[in-house]
Structure formats: C-alpha cells, structure tokens
Amino acid sequence: MSEPLIKVDHLKKYFPVAKTKGKFVKAVDDVTFEVQRGEIIGIVGESGCGKSTMGRCLMKLIDITDGSLYFDGQDITHFTKKEMDAIRSKMQMIFQNPFSSFNPRHTIGKSLMDVARHYGQTKEEAEKKIHELVEEIGLDQVVLRRRPSELSGGQLQRLAIARALVAGPEFILADEAVSALDVSVQAQILNMLIDLRDKYNLTMVFISHELTVVEHISDHVIVMYLGAVVEKGTSEELFYNPMHPYTRALLAAKPKETPDDEVNHELLTGDIPSAMSIPEGCRFCTRCPQCIPGKCDTEVPELRHISGDHYAACHLIKT
Ligand SMILES: Nc1ncnc2c1ncn2[C@@H]1O[C@H](COP(=O)(O)OP(=O)(O)OP(=O)(O)O)[C@@H](O)[C@H]1O
Ligand SMILES: [Mg+2]
C-alpha cells in the first residue's frame with residue numbers, strides 16, 4: 001500500500017486545568033490512525049469525546065502534547081507556524097457554522113478572491129477557479145455578488161466548501177460540517193462532498209456526532225470515547241458488525257430507517273464521565289452493561305485486531 005496522506009501516531013492532547021497543578025483534561029489520549037489518499041474517514045462519538053480537539057491537532061491549530069503527526073510522509077508534529085503556512089493550502093477545514101468562514105461585510109466573491117490571492121493565484125487564475133467551483137457546488141454565479149446574510153445556511157455551507165477548495169487542497173477536515181442543516185440539505189451536501197472527493201482526489205476526515213451522517217460518507221470509521229479510539233474499521237464492518245458495546249449503543253440510538261430495521265443493542269445510560277477523571281481500566285466500564293468487575297474496571301483493554309481492517313478495544317471480545 002502507498003504511503004498514507006495523514007498518519008496520527010500515539011497522539012495526545014492534554015489541557016492543563018486552571019489553578020490545579022498536575023491535573024489535566026485528557027481530551028485526546030493516545031490515538032493512532034492513518035488516512036489513505038482519496039479516502040474519507042469518519043470520526044464519531046458523543047459530545048466531549050475529543051473529536052474537535054483531534055481535528056485541531058491534525059490541522060496544527062493547537063500544540064500537540066505527545067505523539068507524532070505526519071502529512072504526506074513529512075513529520076509535521078513540531079512544525080512552526082511559518083512552516084505550516086507553507087503547506088496550509090494543502091490542508092483546509094470546513095466548520096459547522098458557515099457564517100464563520102465569511103466576512104459579513106464582504107461579498108462572497110470578494111471573500112473567495114481574497115483566499116485565492118492569499119495562496120498566490122493571479123486574478124485571472126482565481127476568477128477561473130472560483131467560476132468553476134461555484135458551478136461545481138450547484139449554485140448560480142450570481143451568489144458571488146451576495147453577502148452572507150443574503151444566503152441560506154445550505155447555500156453558505158456549499159460556498160464554505162468552495163472556499164476550502166479554492167486553495168487547491170489535498171486534505172479537508174470537516175468538523176460537524178452538516179450538523180446545523182436540515183436532513184434533506186444534509187444529504188445533498190454529503191453527496192456533493194463525495195462527488196468533489198472523486199473529482200479532485202481529495203482525502204477527508206469527517207467529524208460528526210451523528211452516526212447516520214458518518215455512515216453515509218465514510219470509507220472507514222473511527223469511534224472515539226473519552227479521548228480514545230474504542231473501535232475502528234470499514235463503514236461496513238462498523239455498521240453491520242459492531243463489536244464494542246459503545247458502538248452498539250450508539251447504533252441503538254440511531255433512528256430506524258424502516259419499521260423492520262430492528263436493532264437490539266442496549267441504549268446508553270448516564271452521562272459521559274469528565275475527561276479530567278477518566279475511569280480506571282476500560283474507560284467505558286462505568287456505562288457498560290456488560291462490565292466485568294475486577295477486570296474491566298482495572299485492566300485497560302488494547303485495541304485488538306478482529307478481522308480485515310476491524311479493531312476494537314474490549315475485554316469481552318474473543319478473537
Ligand atoms: N481549550 C480547552 N481547554 C480545556 N479543555 C478543553 C479545551 N478544548 C476542549 N476541551 C475539553 O476537551 C474535551 C473534548 O472536547 P472536544 O471539543 O474535542 O469534544 P467534541 O467531541 O468535539 O464534542 P462536540 O461533539 O460537543 O463538538 C472536553 O472535555 C472539553 O471540555
Ligand atoms: Mg466538536
């Protein structure tokens with residue numbers, strides 16, 4: 001297999017707790033995965049499990065506490081801001097709120113032009129690229145003369161995607177990119193992202209707390225719980241043969257598509273514990289319906305190979 005575009009190796013991000021020396025919020029706690037070129041990886045988990053922090057580390061928007069990060073075979077873990085600026089055009093981001101991507105006082109055309117010019121494109125190159133992208137995202141060129149407040153959330157999110165693509169990136173990180181939109185608009189945008197991936201050979205990490213969204217778009221899925229990966233595999237492996245009780249519980253909470261679509265897993269109960277005091281042993285043991293006292297609450301389960309690309313961290317799984 002060729003070199004992955006992104007490689008995350010034992011990555012940790014601990015935030016110091018104000019006024020409490022030696023205490024940390026372990027937002028990302030030893031995460032390892034790779035993203036192959038042209039692949040879409042979904043990262044899913046409940047609120048507070050560290051998805052956005054993982055994404056901010058990936059984009060080098062915050063310092064990494066420990067572990068390594070590689071982009072296109074290059075170790076970028078300790079890249080300075082200046083070194084990152086040199087590769088920033090290759091790594092772009094789409095956020096949940098598309099309004100945050102645009103200056104409210106500027107027309108969309110000006111905002112997109114500024115981005116293209118920032119990355120060194122001539123005015124002619126930029127105009128051609130912007131025209132092509134607006135067509136690609138299915139909008140009329142007239143939107144370029146509009147300001148953000150004159151557009152719908154769905155239109156603006158399409159334009160935020162175009163904005164990310166103006167730079168000509170190889171990698172896109174989408175953090176809850178469709179979470180604020182209606183379900184029908186969500187589906188259109190997800191399909192559009194899949195088409196754009198194919199057209200521009202993009203590689204993506206797609207973060208969402210919604211399993212249905214991740215299932216639709218991802219080739220591989222990573223399930224995070226309290227800062228750690230508890231299960232990962234191809235979308236098929238994850239959704240048709242979930243192994244970890246946490247993944248099963250997330251699936252049980254997923255809305256059923258048809259009345260016959262029965263899922264008999266147990267629903268999650270209780271709140272996710274604080275990332276400041278992660279439970280001993282298996283971090284899911286305090287909420288796991290199958291927790292084995294004396295084992296699950298004392299021994300940390302390794303992320304073990306199950307079959308194919310499928311891995312899970314649970315003492316109950318026989319391999
Ligand atoms: N700058 C920060 N300082 C201290 N703690 C932080 C900081 N950023 C995030 N955290 C904590 O890190 C943990 C993970 O947060 P993060 O935002 O990464 O979760 P998430 O999975 O993206 O959640 P959501 O689905 O709500 O977006 C949380 O406990 C959060 O409170
Ligand atoms: Mg988040």
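Indexing begins at 1, ligand by ligand and atom by atom, following the structure's order. Positions are given from 1 along the sequence. Everything numeric here is computed off the predicted structure, so don't read it as measured data.
Remark: ligand 1 and Val25 share no N or O pair separated by less than 3.5 Å (distance only, no angle test). In terms of polar-atom proximity, defined here as any N/O pair under 3.5 Å, His209 makes no such contact with ligand 1.
With ligand atoms numbered from 1 in the order given, ligand 1 contributes 17 (O), 18 (O), 20 (P), 22 (O), 27 (O) to contacts under 4.0 Å with heavy atoms of Ser52. The ligand atoms of ligand 1 that sit less than 4.0 angstrom from a heavy atom of Thr53 are 9 (C), 14 (C), 15 (O), 16 (P), 18 (O). Proximity to Lys51 (heavy-atom distance under 4.0 Å) selects the following atoms of ligand 1: 18 (O), 19 (O), 20 (P), 21 (O), 22 (O), 23 (O), 24 (P), 25 (O).
Classification of Glu125 and Lys129 as a salt-bridged pair fails, no side-chain N sitting under 4.0 Å from a carboxylate O. Using a 4.0 Å cut-off between charged nitrogen and carboxylate oxygen, Arg283 and Asp29 count as a salt-bridge pair. Under the 4.0 Å criterion applied to side-chain N and carboxylate O atoms, Glu46 and Arg287 are assigned as salt-bridge partners.
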Given salt bridge (charged side-chain N to carboxylate O under 4.0 Å, His left out), test Arg145 with Asp140 step by step and report yes or no. CA-CA 10 Å; Arg145 296 201 292 274; Asp140 192 291; over 6 Å; no
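With a cut-off of 2.8 Å, the Mg ion (ligand 2) has no N, O or S atom of Ser47 in range.
Two residues are said to be in side-chain contact when any heavy atoms from C-beta on lie closer than 4.5 Å; Met54 and Asp175 fail this criterion. Annotation: side chain of Asp114 is not in contact with side chain of His118 (no heavy-atom distance under 4.5 Å).
Remark: atom 4 (C) of ligand 1 lies closer than 4.0 Å to at least one protein heavy atom. Inside a 4.0 Å radius of atom 20 (P) of ligand 1 there is at least one protein heavy atom.
Given atom 10 (N) of ligand 1, the protein heavy atom at minimum distance is Phe15 CE1, 3.6 Å. Regarding atom 26 (O) of ligand 1, its nearest protein heavy-atom neighbour is Ser47 OG, 2.5 Å. Protein heavy atom nearest atom 12 (O) of ligand 1, with residue, atom name and distance: Ala27 CB, 3.3 Å.
For atom 14 (C) of ligand 1, the nearest non-hydrogen atom from the set Ser179, Gly48, Pro16 belongs to Gly48.
With a 4.0 Å heavy-atom cut-off, ligand 1 is reached by the side chain of Ala275 but not by its N, CA, C or O.
Not a single heavy atom of Gly45 sits under 4.0 Å from any atom of ligand 1.
Taken to the nearest 0.5 Å, the CG atom of Leu5 stands 9.0 Å off from the NZ atom of Lys90.
His244 and Tyr225 have their aromatic ring centers separated by at least 6.0 angstrom.
Checked by atom type and distance alone, the side chain of Lys60 pairs as donor or acceptor with a backbone atom of Thr77 at under 3.5 Å.
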